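Contents: one structure, followed by commentary.
Computed from a predicted structure; not experimentally measured. We number each residue from 1, following the sequence as shown.
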Amino acid sequence: QVQLVESGGGLVQPGGSLRLSCAASGSIFSIYAMGWYRHAPGNQRELVATITSGGTSNYADSVKGRFTISRDNAKNTVYLQMNSLKLEDTAVYYCNLIASRLGFTNHYEYWGQGTQVTVSS
């Protein structure tokens, strides 16, 4: 099986910073892309940032200049550095993985359990 373990969420004041981590483990052969999505009550689930195996990153307009996505290929881990946090950043953040498994040629999508980020004064 493939498992995603997220960490780093918490409570932070406006203008503060948090760093989220997502480590993938299991029968992974290769990773195509990893990313972060978020879902706040009353809102739709939205893309925050993605990064491909080649290092190409993309961001939602709402977080450009404030968030940075990075990866450690040796550890199959993706990070999301969140700076200058705003109240509207409050949400459950989910790690997303697109990868092929050992013994398979197709790529599949996996999701982490989510980690709560709360921005409040």
Side-chain angles (χ1 to χ4, degrees):
Q1 82 283 9
V2 175
Q3 183 180 19
L4 300 177
V5 179
E6 303 174 14
S7 62
L11 175 64
V12 65
Q13 294 182 340
S17 298
L18 285 173
R19 187 184 188 227
L20 305 183
S21 299
C22 175
S25 62
S27 57
I28 300 172
F29 178 71
S30 65
I31 294 175
Y32 175 73
M34 299 186 75
W36 293 93
Y37 292 72
R38 66 186 181 186
H39 188 189
N43 293 356
Q44 294 178 263
R45 191 175 200 164
E46 65 174 342
L47 172 75
V48 178
T50 61
I51 186 166
T52 69
S53 60
T56 301
S57 59
N58 290 282
Y59 298 90
D61 289 341
S62 60
V63 307
K64 286 182 179 178
R66 300 188 298 118
F67 292 9
T68 302
I69 189 169
S70 61
R71 75 191 196 283
D72 184 337
N73 289 336
K75 298 180 179 180
N76 285 341
T77 300
V78 64
Y79 306 93
L80 185 67
Q81 179 66 47
M82 305 185 293
N83 299 325
S84 301
L85 284 162
K86 304 175 180 180
L87 295 179
E88 51 264 41
D89 293 320
T90 296
V92 178
Y93 284 70
Y94 296 91
C95 179
N96 173 258
L97 166 70
I98 300 176
S100 62
R101 293 174 290 169
L102 291 172
F104 296 85
T105 58
N106 293 336
H107 287 77
Y108 297 89
E109 188 175 33
Y110 305 91
W111 292 92
Q113 81 284 357
T115 184
Q116 177 71 49
V117 172
T118 302
V119 184
S120 176
S121 60

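- Classification of the His107-Tyr32 ring pair by plane angle, with boundaries at 30° and 60°, yields perpendicular.
- Residues Ile28 and Ala24 share a closest heavy-atom pair of CD1-CB, 3.6 Å.
- Contact annotation: the side chain of Val119 never approaches that of Met82 to less than 4.5 Å [non-hydrogen atoms, C-beta and beyond].
- Across Leu11 and Ser120, no two heavy atoms sit closer than the pair CD1-CB, 4.1 Å.
- Annotation: side chain of Ser100 is not in contact with side chain of Tyr108 (no heavy-atom distance under 4.5 Å).
- Residue Leu80 comes nearest to Trp36 through the heavy atom pair CB-NE1, 3.5 Å, listed as atom of the first residue, atom of the second, then distance.
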Begin from the C-alpha positions of Asn58 and Leu47 and carry the test side-chain contact (heavy atoms from CB on, under 4.5 Å) through to its verdict. CA-CA 9 Å; Asn58 290 282; Leu47 172 75; 5.6 Å; no

Go through the steps for Leu97 and Asn76 under the test side-chain contact (heavy atoms from CB on, under 4.5 Å), then give the verdict. CA-CA 10 Å; Leu97 166 70; Asn76 285 341; over 6 Å; no

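- The hydrophobic cluster containing Leu87 does not contain Val92, counting ILVMFWY residues as joined when their side-chain heavy atoms lie under 4.5 angstrom apart, directly or transitively.
- In this structure, the side chains of Lys75 and Ser21 stay at 4.5 Å or more apart for every pair of heavy atoms.
- A single hydrophobic cluster is not seen to contain both Ile31 and Tyr37; linkage of ILVMFWY side chains at heavy-atom distances under 4.5 Å, directly or through other members, places them apart.
- With Gln3 contributing its side chain and Ser25 its backbone, the two residues share no donor-acceptor pair below 3.5 Å.
- Counting heavy atoms from C-beta on, the side chains of Arg101 and Asn106 never come closer than 4.5 Å.
- Residues Ser57 and Ile69 come closest through the heavy atom pair CB-CG2, 3.7 Å.
- One finds no salt bridge joining Asp89 and Lys86 here, because no Lys/Arg side-chain nitrogen approaches an Asp/Glu carboxylate oxygen to under 4.0 Å.
- The 12-atom threshold is not exceeded at CD of Gln13, counting heavy atoms of other residues, nucleotides or ligands nearer than 6.0 Å.
- In this structure the side chain of Leu85 reaches within 4.5 angstrom of the side chain of Phe67, judged on heavy atoms.
- Between the side chain of Tyr93 and the main chain of Glu6, no donor-acceptor pair closer than 3.5 Å is present.
- Judged by distance alone, with hydrogens and angles left aside, the side-chain atoms of Arg71 form a donor-acceptor pair with the main-chain N or O of Ser53 at under 3.5 Å.
- Contact detail for Ser17 and Ser84: the closest heavy-atom pair is OG-N, 4.3 Å.
- Between Asn96 and Tyr94, every side-chain heavy-atom pair lies at or beyond the 4.5 Å cut-off.
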Verdict with supporting geometry, Thr68 and Tyr79, side-chain contact (heavy atoms from CB on, under 4.5 Å): CA-CA 8 Å; Thr68 302; Tyr79 306 93; over 6 Å; no

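- Following chains of ILVMFWY side-chain contacts shorter than 4.5 Å, one cannot reach Val2 starting from Ile98, and the two form parts of different hydrophobic clusters.
- In plain terms, the two heavy atoms of Tyr59 and Ala49 that are nearest each other are CD2-CB, 3.6 Å.
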Take Leu4 and Gln113 through the side-chain contact (heavy atoms from CB on, under 4.5 Å) test and state the conclusion after the steps. CA-CA 8 Å; Leu4 300 177; Gln113 81 284 357; 5.7 Å; no

